[in-house]
Amino acid sequence: MKVIIHGGFFSESSTSAATKKAKQDALTAIAQKAYQYMASGHTATETVVYAVSLLEDDALFNAGIGSQIQRDGKIRMSAAVMDGTTQKMSGVINIEAVKNPIKVALDLQGEDDRILGGSGATSYARAHGYEEFDTEIPQRRAEYEAKTASTGTGTVGCVVLDAAGRIAAATSTGGKGFEIPGRISDSATVAGNYANAFCGVSCTGVGEDIVSGAVASKIVTRVTDGMHIKEAFARTFEELKPYDGFAGAIAIDAAGNIYHQDSHPSMVYASFDGIDTEVFS
């Protein structure tokens with residue numbers, strides 16, 4: 001069993017030592033909690049949703065609580081989960097006033113219409129018992145009032161390999177901040193979140209760059225076709241260079257290889273295999 005999670009990017013020049021340490025501690029704890037959750041009998045899909053929900057509940061990360069505010073003053077979030085065994089991807093795009101978008105995405109696994117957007121996604125959440133919840137924190141309001149757009153690199157995600165050899169991936173984002181309402185991120189697309197029986201990938205970075213590079217689906221396809229995960233990453237990230245694509249990705253393959261790479265430093269991540277923990281430095 002293996003778990004890897006990510007919490008977007010940070011810059012040494014704009015992040016305090018205290019915040020960096022807080023993110024290291026939070027990611028380490030969440031990776032270990034997710035592993036224990038999986039070890040208690042939960043599936044890969046249940047585990048990635050659990051891990052991402054914990055990331056959504058932590059204001060250190062731009063997903064769920066602490067999501068960015070769009071140009072019209074509203075918060076809209078996106079999230080998706082993909083079960084590598086059933087090949088079902090489900091998600092929500094630009095959902096509003098929900099504490100954990102990733103849980104709504106999981107509920108959609110059982111629907112024929114598995115990816116919902118805007119008011120349809122929000123209405124579905126209300127109809128399925130998700131109460132209205134304000135995810136705004138003062139820091140995001142201050143950024144909005146100052147009309148400060150972020151770099152658009154705040155996304156959280158998780159990939160796991162469970163005891164039965166099943167792989168799943170989940171990704172959630174609070175947007176890039178001050179974007180045009182209606183903008184679609186990569187998180188609920190196969191460019192940002194993809195898994196099959198051979199590999200699972202979750203991405204973070206600038207959504208437009210990730211979509212242009214079809215990053216997650218390319219990596220998974222290349223691993224499926226027999227390429228080693230390291231080479232699949234190298235080839236895919238090389239293809240981002242012509243347009244200076246800003247992306248990071250985490251992955252696990254069916255052999256249990258954990259891998260991560262970013263095109264610009266530094267993606268924050270942590271992994272745990274039951275014995276060893278690796279966390280960004």
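For D113, the CG atom counts as loosely surrounded, since its 6.0 Å shell holds 12 or fewer non-hydrogen atoms of other residues, nucleotides or ligands. Heavy-atom neighbours of Q87 CD from other residues, nucleotides or ligands within 6.0 Å: above the threshold of 12.
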Inset, instruction - Begin from the C-alpha positions of D273 and M1 and carry the test side-chain contact (heavy atoms from CB on, under 4.5 Å) through to its verdict. - result: CA-CA 6 Å; D273 63 3; M1 297 191 297; over 6 Å; no
Inset, instruction - Check the pair T189, D186 against side-chain contact (heavy atoms from CB on, under 4.5 Å), reporting the backbone distance first and the verdict last. - result: CA-CA 5 Å; T189 75; D186 67 287; 4.2 Å; yes
Inset, instruction - For the pair D225 and T221, evaluate side-chain contact (heavy atoms from CB on, under 4.5 Å) and give the outcome as yes or no after the intermediate values. - result: CA-CA 6 Å; D225 289 345; T221 298; 3.8 Å; yes
Inset, instruction - Mind running side chain to side chain donor-acceptor pair (under 3.5 Å) on D107 and Y130 for me, showing each step along the way? - result: CA-CA 11 Å; D107 283 352; Y130 292 87; 2.8 Å; yes
Inset, instruction - Applying side-chain contact (heavy atoms from CB on, under 4.5 Å), run through K99 and I65 and close with a yes or a no. - result: CA-CA 7 Å; K99 184 181 181 184; I65 294 172; 4.3 Å; yes
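Y269 has its side chain out of reach of L27: every pair of non-hydrogen atoms, C-beta onward, lies at least 4.5 Å apart. At a threshold of 4.5 Å between non-hydrogen side-chain atoms, the residues D262 and F9 count as touching. By the 4.5 Å heavy-atom criterion applied to side chains, F10 and S266 are counted as neighbours. Contact of the K2 side chain with the V160 side chain is not registered, since no non-hydrogen atoms from C-beta on lie closer than 4.5 Å. Within the 4.5 Å cutoff, the side chain of K218 has no heavy atoms near those of the Y194 side chain. Residues V81 and T45 are in side-chain contact: their nearest non-hydrogen atoms beyond the backbone lie under 4.5 Å apart. In this structure, M267 and T204 have side chains that are in contact, with non-hydrogen atoms separated by less than 4.5 Å. Contact annotation: the side chain of M77 never approaches that of V92 to less than 4.5 Å [non-hydrogen atoms, C-beta and beyond].
A donor-acceptor pair shorter than 3.5 Å can be found between the side chains of D244 and H264. Defined by atom type and a distance below 3.5 Å, a donor-acceptor pair is missing between the side-chain atoms of S53 and N100. Residues T171 and S202 bring a donor and an acceptor atom of their side chains to less than 3.5 Å of each other. Judged by distance alone, the side chains of T277 and Q32 do bring a donor and an acceptor atom under 3.5 Å apart.
Using a 30° and 60° split on the angle between ring planes, H42 and Y37 fall in the parallel class, below 30°. Relative ring orientation between F272 and Y35 is described as perpendicular, the plane-to-plane angle rising above 60° on a 0-90° scale split at 30° and 60°.
I95 and A121 make their closest contact through CD1-O, 3.6 Å (heavy atoms, listed as atom of the first residue, atom of the second, distance). The two residues L240 and D209 come nearest to each other via the heavy atoms CD2-O, 4.0 Å.
Applying the side chain to side chain donor-acceptor pair (under 3.5 Å) rule to pairs touching residues 115-128 yields E111-Y124, sequence neighbours excluded.
Applying the salt bridge (charged side-chain N to carboxylate O under 4.0 Å, His left out) rule to E46 yields no partners; only residues at least two apart in sequence or on another chain are considered.
With rounding to the nearest 0.5 angstrom, the CG atom of D276 is 8.5 Å from the OG atom of S271. Taking CZ of F233 as the reference point, atom CD1 of I250 lies at 8.5 Å (rounded to 0.5 Å). Expressed to the nearest 0.5 Å, how far CZ of R76 lies from CD1 of I184 amounts to 10.5 Å. Atoms CG and OG1, from N196 and T85 in turn, are 9.5 Å apart once rounded to the nearest 0.5 Å. In this structure, Y50 OH and K103 NZ are separated by 9.5 Å, a value rounded to the nearest 0.5 Å. Here the CD1 atom belonging to I69 is positioned 10.5 Å from the CD atom belonging to E179, to the nearest 0.5 angstrom.
With respect to the salt-bridge test (charged N to carboxylate O, under 4.0 angstrom), the residues R222 and E239 qualify. Between D25 and K21 there is a salt bridge, with a side-chain nitrogen of the basic residue lying less than 4.0 Å from a carboxylate oxygen of the acidic one.
Put simply, the side chain of S263 gets close to the backbone of G245: a donor and an acceptor are under 3.5 Å apart. Judged by distance alone, with hydrogens and angles left aside, the side-chain atoms of H6 form a donor-acceptor pair with the main-chain N or O of T155 at under 3.5 Å.
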